[in-house]
Protein chains: 2
Amino acid sequence: MVASIELAADGLSENTVDSVIPGRFVLRSARGRAIHASLLTAILDHRLAPGMRLPEDEIGALFGASRTIARDALQALAHEGLVTIEANRGAFVAHPTPAEARHVFEARFLLEPRMAALAAERATAEDVARLRAHALEEHEALHARDNRRAIFLSGTFHGLIADIAAQPVLAGFVREVVSRSSLIVALFWRRQDTTCERHAHEALVDAIERHDAKGASGVMESHLVDLFSGLDLSERAVRPASLAELIGPGQG
Amino acid sequence: MVASIELAADGLSENTVDSVIPGRFVLRSARGRAIHASLLTAILDHRLAPGMRLPEDEIGALFGASRTIARDALQALAHEGLVTIEANRGAFVAHPTPAEARHVFEARFLLEPRMAALAAERATAEDVARLRAHALEEHEALHARDNRRAIFLSGTFHGLIADIAAQPVLAGFVREVVSRSSLIVALFWRRQDTTCERHAHEALVDAIERHDAKGASGVMESHLVDLFSGLDLSERAVRPASLAELIGPGQG
DNA sequence: ACGCGCCAGATCGTATACAATCTATGTTTT
DNA sequence: AAAACATAGATTGTATACGATCTGGCGCGT
């Protein structure tokens, strides 16, 4: 039951939501966009877990809309790879396999270092200021132990850099793979410390401020290596062993 | 009026259609997928011109489906950047601006040389055979002056290479930018000879057969430079002068 | 006790109805 | 005659109705 999760839009600042939404828009109605935005942010900050059902009725009702609208929003999310649609069974939060996780990160390894380099070449003083403000927000979220916000912001940071690179098509692709990474982290993350990540983001802003394209590209690449190596993509991870192993033969 | 254009599926071999359709599927009904496939191929081979209206009624009726189904298919195409949806006005074949054309090609310049290199590393004998067969088909289409088929096949060739690179996420991105390039060519192409292109495709297959990653990457890059330099993205191109200039004051 | 089939509830698939909006044509006004 | 307005037709926006399909549970038979 999805209704138990807070999906209404009032919990989110409009700015942060906008920074995740793809530029080219396919949903016509305001309510459709609201549903899209709410589900998107709920997936990005791990309120909605991979595999969770998303019944059209319930989602529509949450936003005072009919199934027609909810379906459109779910179809849009399916196109972004965040929702899976099974015929006659409905929509579910996507549940990437280890192989899909690898493919998503392979795409990030190709796209994002280049975006960081372009951002370093093109960033204005205001761009750098915006990045710094964002990094500060991340810092505060971590300090306040607000993990959801921290994980959400660390994703939108990558989207901001893609915007600065001023390549809208590639920026859209980056947003997609970053969003999907959020589901991958939810499923396969095995490490606790996220401090390395914060330092990486700060180092990235520094390189961009220096207009050091090579440096920014390198920092981004090693940052992605860090993220990727924090995943456990062994087969063990996807199937939680056997029921026997989970319950244990002598500890119930 | 769109009905005057042959959109039914019987004119196309199933194989070639499949090779254009994105892997992850969002449309549930068979008729929805048929509409999607037909509109897609009609756009790719320039039967549907940029800016053309796509009324829901008419499209649904063509396939014996209701507007509901047609809407879903149009939304999917909108997500791929091939169709533009305007609120309360309906769907149109996308009509990219020169700026958008540049952004699409910037994405291709980043993605496709890498895909060519990966394809060269990974291609099996069967992959090479498939590419050769495809290049031969292109050759035949050109020889038969079947321009529509030639332009269609030259697009799917790039999709095939992306498949061989075995990176499904990136391959999906490549398919999107290649499809959009078809609209860009329809609007901005200014050159007649496509022979250079055929040679480029053959050189690409040769490099891939040699497992020459650097070579394949280089050939792909110069092939894209060729394609891009064949476009006229000046502002003059986008607005076809004035109505007076088109009709002429003294030749009716 | 276990497996098999059946039935009810829930959910999705699709068409259709009606309201809202837009476009184009023709009319009025200045 | 040109511009503003009004109206009719066409097209989209959205809800809803009804049939199809799936899921889970109950009862039956072995």
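These numbers were taken from a predicted model, which means no experiment stands behind them.
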Nucleotide nearest [X] when distance is taken to its side chain, options [options]:
X: Arg28(A); options: dT12(D), dC12(C), dA15(D); result: dT12(D)
X: Thr68(B); options: dA15(D), dA15(C), dT12(D); result: dA15(C)
X: Arg89(B); options: dT21(D), dC22(C), dT11(C); result: dC22(C)
X: Glu56(B); options: dA15(D), dT12(D), dT14(C); result: dT12(D)
X: Arg71(A); options: dC22(C), dA15(D), dT14(C); result: dT14(C)

Quickly work out the [X] [atom1] to [N] [atom2] distance and round it to whole Å.
X: Ile59(B); N: dA15(C); atom1: CD1; atom2: C1'; value: 18 Å
X: Ile35(B); N: dA15(C); atom1: CD1; atom2: P; value: 9 Å
X: Ile69(A); N: dT12(D); atom1: CD1; atom2: P; value: 16 Å
X: Glu86(B); N: dC22(C); atom1: CD; atom2: P; value: 11 Å
X: Leu27(A); N: dG13(D); atom1: CG; atom2: P; value: 12 Å
X: Asp72(B); N: dT12(D); atom1: CG; atom2: C1'; value: 15 Å

Between Asn88(A) and Asp57(B), name the one whose nearest nucleotide on DNA chain D is closer to the 5' end.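 Looking at the nearest nucleotide for each, Asp57(B) comes out on the 5' side.
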
**Item:** Cationic N near anionic O, under 4.0 Å, Arg175(A) to Asp163(A)
**Value:**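 Yes, this pair counts.
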
> For Thr156(A) and His134(A), does a side-chain donor sit closer than 3.5 Å to a side-chain acceptor?
Replying inline: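 Their side chains do contain a donor-acceptor pair, which is all the 3.5 Å distance test asks for.
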
- Taking all non-hydrogen atoms of both residues into account, name the closest pair between Glu100(B) and His95(B) and its distance.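 In terms of heavy atoms, the two residues are closest at OE1-O, 4.3 Å.
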
**Study point:** Pi-cation contact, Phe105(B) with Arg102(B) (under 6.0 Å, within 45°)
**Key:**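 Pair Arg102(B)/Phe105(B) does not count as cation-pi.
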
Does Arg67(A) contact dG13(C) through a side-chain donor or acceptor facing the base, at a distance under 3.5 Å?
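In this structure, the two groups form a donor-acceptor pair.
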
